[in-house]
2 protein chains.
Amino acid sequence: MTTKPGLAQPKPSASRARRERERQQMRARLLEAARDIAAEEGWNAVTIRRIAHKLEYTPPILYQYFSSKESLFVELMLVGFSELTARLEAAAEAPAPQRLAAMAEAYWAFAFASPELYQAMNGMDGVPFGTAETPPEAKTAFRTFRIALQSIAEARGAELGDPGGAVDTVWAFLHGCVSLAMAGRVKGGTERARALMLNGLEPLFAAQLSS
Amino acid sequence: MTTKPGLAQPKPSASRARRERERQQMRARLLEAARDIAAEEGWNAVTIRRIAHKLEYTPPILYQYFSSKESLFVELMLVGFSELTARLEAAAEAPAPQRLAAMAEAYWAFAFASPELYQAMNGMDGVPFGTAETPPEAKTAFRTFRIALQSIAEARGAELGDPGGAVDTVWAFLHGCVSLAMAGRVKGGTERARALMLNGLEPLFAAQLSS
DNA sequence: ATCTAATGTCTAACAATGATAGATTTCCTG
DNA sequence: CAGGAAATCTATCATTGTTAGACATTAGAT
């Protein structure tokens, strides 16, 4: 043995990189398959065998890329936060007077464009969240939101008394509106729920301003 | 056959009533067992065999009282709405100036006193809600809330521009706060989440007043 | 070019789950 | 007491997530 056998140093040889890339692609394909099935038939229909079959593999293949079915769900949750962040960042570019509404509409649009991801992020049984530490993808989404809210306050010549609290408050309201709407629990349907959300947004935000 | 065999008339004979009563008691015991297990170990641990074993029965017993495991969940959801209604009604007795906060605290207290029911009511995968028609238990909770909000508005010499919309809006906010807090996604923990909820409540409600 | 070791994938099986059919017991009613 | 209905159990099913071990393929060193 010419080298210490303990920790295999990366050895960035020729095709080592390709193998790793292919591995990541396979992970992505598994995630996409699970997501597609969930989007079409709901999370109950997402089974290991269905995922594997969709890619023309056999069931145990999943465990070469994820430690369990649940860990695949967790990863999809992170994908969800990333996609949400992208939409929030885009909405933050809106001119200041409409920026608040744009953020809310971005949140809403994400939820209804990808309900399967939204469900994976919120409340789907089996996805722990607060139990472990908050994942960085969620922190990023939160930070994007905070910066946007602060910029809106600034544009009004005020500032947020408690920026973190303001984000939590607004986020909770948006989530509540989406959650009830998605469950079909708002009388006038989703269109009305969206209007109620936009109505409540402004006073809720204004109350977060200080000085 | 002396009578039409089609629809068996009730025949309210002697002990027929007791049988029916016992049947309802057994249903209640099954529901309670499921709820207890969920409260102690989470909904994932609620299995047909666990429920039956807890009552010293064999698994198929459940199907003599419920058409499926899911239908038992749905029934527990209804129990949840009933218990929530009871708390809301009690809170509606508070003096007008504190009544709004009392309603919110009642909602919060219910959620954290019976998280297993709260989860069964909201978002737990496998419990359809908006799909079918809204169950009467949920309508009752909603109505209790609406009457309370209207009474608060009246006490302030105003009225709600859109009573139904006001309830949906406030409800969404409360649900969002509880949901995020329960998932451990509010920075300062549940105590802070509760404070944020109470802070946001007033401006959100005030914006629902008209004239 | 060939041998060896690692990597990827499959076959076969496991225990646990929700659910059903049919036998069996228990209990009411006539 | 007899007959039937109601309640419960035994045994079994297909499906689920998961693992162990065999097989094949490829990478890297000789």
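Here is how names work: the chains are called A, B, and so on, in the same order as the sequence lines, proteins then strands, and each is numbered from 1. The structure displayed is predicted, hence computed values, not measured ones.
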5' precedence on DNA chain C between B/A45 and B/R19 (nearest-nucleotide basis):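 Taking each residue's closest nucleotide, the earlier one in sequence belongs to B/A45.
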Whether A/F145 and A/W171 hold their rings parallel, tilted or perpendicular, with breakpoints at 30° and 60°: tilted
Parallel, tilted or perpendicular: rings of A/H175 and A/Y118 (30°, 60°): tilted
Ionic contact status for B/E22 with B/R18, cut-off 4.0 Å: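 Here B/R18 pairs with B/E22 in a salt bridge, since their nearest N and O are under 4.0 Å apart.
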Pair B/D162 + A/R192: basic N to acidic O under 4.0 Å: yes
Dot-bracket notation for DNA chain D, counting Watson-Crick and G-U pairs under 3.5 Å, with | for partners on another strand: ||.||||||||||||||||||||||||.||
Sugar-phosphate only, base, or nothing, as touched by B/F66 at under 4.0 Å among non-hydrogen atoms: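 Since no nucleic acid heavy atom lies under 4.0 Å of B/F66, the category is nothing.
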Distance test, side-chain N/O of B/R23 to OP1/OP2 of D/dA7, below 4.0 Å: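 Checking B/R23 against D/dA7: at least one side-chain N or O falls below 4.0 Å of OP1 or OP2.
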N/O (side chain, B/S68) to phosphate O (OP1/OP2, C/dG18) under 4.0 Å: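 B/S68 to C/dG18 OP1/OP2: no side-chain N or O under 4.0 Å.
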Strand contacts (DNA chain D) in residues 48-59 of chain A, 4.0 angstrom heavy-atom criterion: A/I48, A/R49
Nearest to side-chain heavy atoms of B/K69, which nucleotide of C/dT11, C/dG18, D/dG17: C/dG18
Interatomic distance, B/R21 CZ vs C/dC28 P [rounded to whole Å]: 12 Å
